[in-house]
Structure formats: structure tokens, C-alpha cells
Q: 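I am attaching a structure below and will ask some questions about it afterwards.
The figures here come from the full heavy-atom set of this structure, side chains too, leaving out hydrogens, waters and symmetry mates. Letters A, B, ... mirror the listed sequences (proteins, then strands); counts begin at 1.
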There are 2 protein chains.
Amino acid sequence: MDPPIPVVDPVWSGVRDRLRARGLRWTPQRRTLIEVLAAADGHVTASELVERCRAIDPATTPSTVYRTLDVLEDLGIVRHHHGPEGREEFHVLPGSEHGHLHCRTCGRSWEVGPAEVAPMLDALRARRGFEADISHLALVGRCADCRAAGRRQ
Amino acid sequence: MDPPIPVVDPVWSGVRDRLRARGLRWTPQRRTLIEVLAAADGHVTASELVERCRAIDPATTPSTVYRTLDVLEDLGIVRHHHGPEGREEFHVLPGSEHGHLHCRTCGRSWEVGPAEVAPMLDALRARRGFEADISHLALVGRCADCRAAGRRQ
DNA sequence: TGCGCTATTGCAACCTATTGCGATAGCGTG
DNA sequence: CACGCTATCGCAATAGGTTGCAATAGCGCA
């Protein structure tokens, strides 16, 4: 048993079984990461996750976290996309698929729902047969506030 | 063919003056990078550029290349965006502004012109006031060939 | 419960990219 | 043409991220 995690959320409680069903294993390291992810909200960078895991288990190794994240992405439990600096950012599922807007000037970011990008995705699919993955989409630019304020770069 | 690079292209021949006009300098290291860029076609990663510079001048230092690329981007001579792995890729101007499509399965990439994404950009501008930078756009997904062939990941 | 297969871990080395700093060298000026 | 200001260079150190490999430890099975 694993008492330390009174996981109630069915998404998280099912992870163990989903791993096993694939012949993968449920390890203390993975348990730690799941714990961190369950508490995470919105976007987190990989290094933030490493840090939070270390807060729980100081022995946490970066490589383990990165490899586990790959596994979880395979399972569809997390999604990653590349932030404005090219760093990986993870987004915890469930939740609707969405892309991201990053303001180059102030650094804030927003989510864009499927509806807003659907026309473009449809056009790409129709004209080129290219099926784009919206959850990996990250648009960089300038937000309304920064434009109004005339702020640059 | 390309002889030893008697740069004729006005874009490249003008770089020196554009640098000077800004109080910046024309150095052998920058000349080397310009030479490499002039010969480059399409997209190149930063490390490819470092390597090619080393082929011309073995003493080339990575930091110099990276810093020079920043300067050239300021001048609007190159653009960078983040490839599927999050690595920086540079694109040489001139040429129309465009985004990129990366096939997750086969790794190939294509360019998308302004027309194809304009509707989305317009919608974002109208609804959120967000001015997205198309040249920084990179969409990841699966191309027509891979979809037709039923290839996955 | 004990055994064995093999997924996973942790370490260390490596790669890409960035930054601080003293030394060097463009280039505008006199 | 020499001088001096300062942009740029090269080095070394650092950070984020990845990978190969030997050792460890889940977990299915008898």
C-alpha cells in the first residue's frame, strides 16, 4: 500500500494501474513525481518539477524526472510544449486541449482554445494534409497591454 | 556553383555598413559567420552554424557565434524559432515571413506562408489584441504522408 | 514466499546554450 | 598615421537537458 498519497482524483489514482497495464513499473520516484504533478496547477517547467520533487525527496535525480515525464506523456497524462525561450513546459491533463500565447515583452502567457485556432488547423489539414497538434502550439508575440503601452521588446 | 564566395548579394554586402551605422564592428569572426549564412539555405541550427564556421576558421568560439547571431537578429538579417526539440533554428532573410510545420513522425519540415495563418492571427488580434509573430511560429504534428501511411510517433 | 526477467534508477560524461571578465582590436577622430 | 574609446573576443565556469551503462529493484509467476 501507499498511504502517503490519499489520492482521490481518479486521474492520478489510475496512473499506477495504467503503468502496470503497459508492463511499466510503479516506483517511489514516479510516485513522487505524480504527487508533485497532482498538486501542480497550469504550466510548470521541467526544472520546476525537478525542484519540487527534490523538496519531497532530496535524492531526486533530474534524469529520472525527465524520463518519467516522457513516459507520462506517452500515457497522455501530461503534455509539453516549448516556451518562448525554447524551454520545455509541461501542462497537466485533464483539461481541454489548448495552445499558448506568450508575450515577448511582459512574459505573461495565455491559453487559446481549439475554437480560436480551428480555422487555421482546418485549413492546414485541407490544403496540406497536415494534422497539427494544438497542445504543442506556442505563439510568441505582443499582448494587448504591451501594445497599448507602446512597450517594445 | 559557388566560388570562394565573392559575395555579390546586396543583402550580405550591406551587412558591414549596417553594423557600422549602428556603431557596431566588422570583425573577422563576424565575416566568417556571414559567409556561412550566405551559403546556408533554409534552416540551420545554431550548432550547425558553429560547426560550419569552424570549418572555415577552426578557432571559432561558440559564444561568439551565439552573440553574433543575436546581433544579426536585431538587424533583422536572421530569425530564429524553436524546432520540435526546442533547439534553436535560424532562418536566413530575406524571404517572406513564414512559420514552420514539423512532422513529429518523419521529422521533415515545411514552411507556411502568411496567407495560411492570417485568419488565425487576425482573430487573435481582434479578440485579444495579441499580435503574434508568425516567423516564430512552429507547429508540430503529422504530415500527410505519415498519416496516409498510418505511421505513428 | 521466493525467483528471475527486465524496467528503471543513479551516476557520470556529454551536449547545447549562456554569462562574466580581462584582454584584444575595430575604427572614428585629431 | 597614431590614439583612445569601447565593442567584441576567447576563455572558463555555469546551467539546463540528455544519454550510456552497470547496478538495483518492481512485479508476474510458480
Q: Please give, in whole Å, the distance from dT18(D) C1' to L49(A) CG?
A: 17 Å
Q: On DNA chain C, compare the nucleotides closest to P62(B) and T27(B); which residue's is nearer the 5' end?
A: P62(B)
Q: Hey, does the side-chain of R67(A) have a donor or acceptor N/O within less than 3.5 Å of a partner on the base of dG17(D)?
A: no
Q: Nearest whole Å is fine: how far is dG16(D) P from E88(B) CD?
A: 16 Å
Q: So which one's nearest nucleotide on DNA chain C is more toward 5', T45(B) or L24(B)?
A: T45(B)
Q: Is there a donor-acceptor pair closer than 3.5 Å between any side-chain N or O of R128(A) and the backbone N or O of A144(B)?
A: no
Q: What is the distance from CG of D74(B) to P of dT8(D), rounded to the nearest Å?
A: 11 Å
Q: Write down the distance between CD (E89(A)) and P (dG16(D)), rounded to a whole number of angstrom.
A: 14 Å
Q: With sequence neighbours left out, what residues match S109(B) under side-chain contact (heavy atoms from CB on, under 4.5 Å)?
A: H43(B), H102(B)
Q: On DNA chain D, compare the nucleotides closest to T64(B) and G23(B); which residue's is nearer the 5' end?
A: G23(B)
Q: D70(B) CG to dT8(D) C1': how many Å, rounded?
A: 13 Å
Q: Look at the side-chain N and O atoms of Q29(B) and state whether any lies under 4.0 Å from the OP1 or OP2 oxygen of dG10(D).
A: yes
Q: Thinking salt bridges, do R67(B) and D70(B) make one under a 4.0 Å N-O criterion?
A: no
Q: What's the closest nucleotide to the side chain of R25(A) if the choices are dC11(D), dG26(D), dG17(D)?
A: dG26(D)
Q: T61(A) side chain to T64(A) main-chain N or O, any donor-acceptor pair under 3.5 Å?
A: no
Q: Would H91(B) and H81(B) count as a close aromatic pair, with their ring centres under 6.0 Å?
A: no
Q: Any donor-acceptor pair under 3.5 Å linking the side chain of R31(A) with the backbone of W26(A)?
A: no
Q: Side chains of E73(A) and H80(A): donor-acceptor distance under 3.5 Å anywhere?
A: yes
Q: Grab the CZ-P distance between R31(B) and dT8(D) for me, whole Å please.
A: 17 Å
Q: Shoot me the first and last contacting nucleotide of DNA chain C against chain B, ordered 5' to 3', at under 4.0 angstrom to non-hydrogen atoms.
A: dT16(C) to dG28(C)
Q: Is the phosphate of dT18(D), meaning OP1 or OP2, less than 4.0 Å from a side-chain N or O of Y66(A)?
A: no
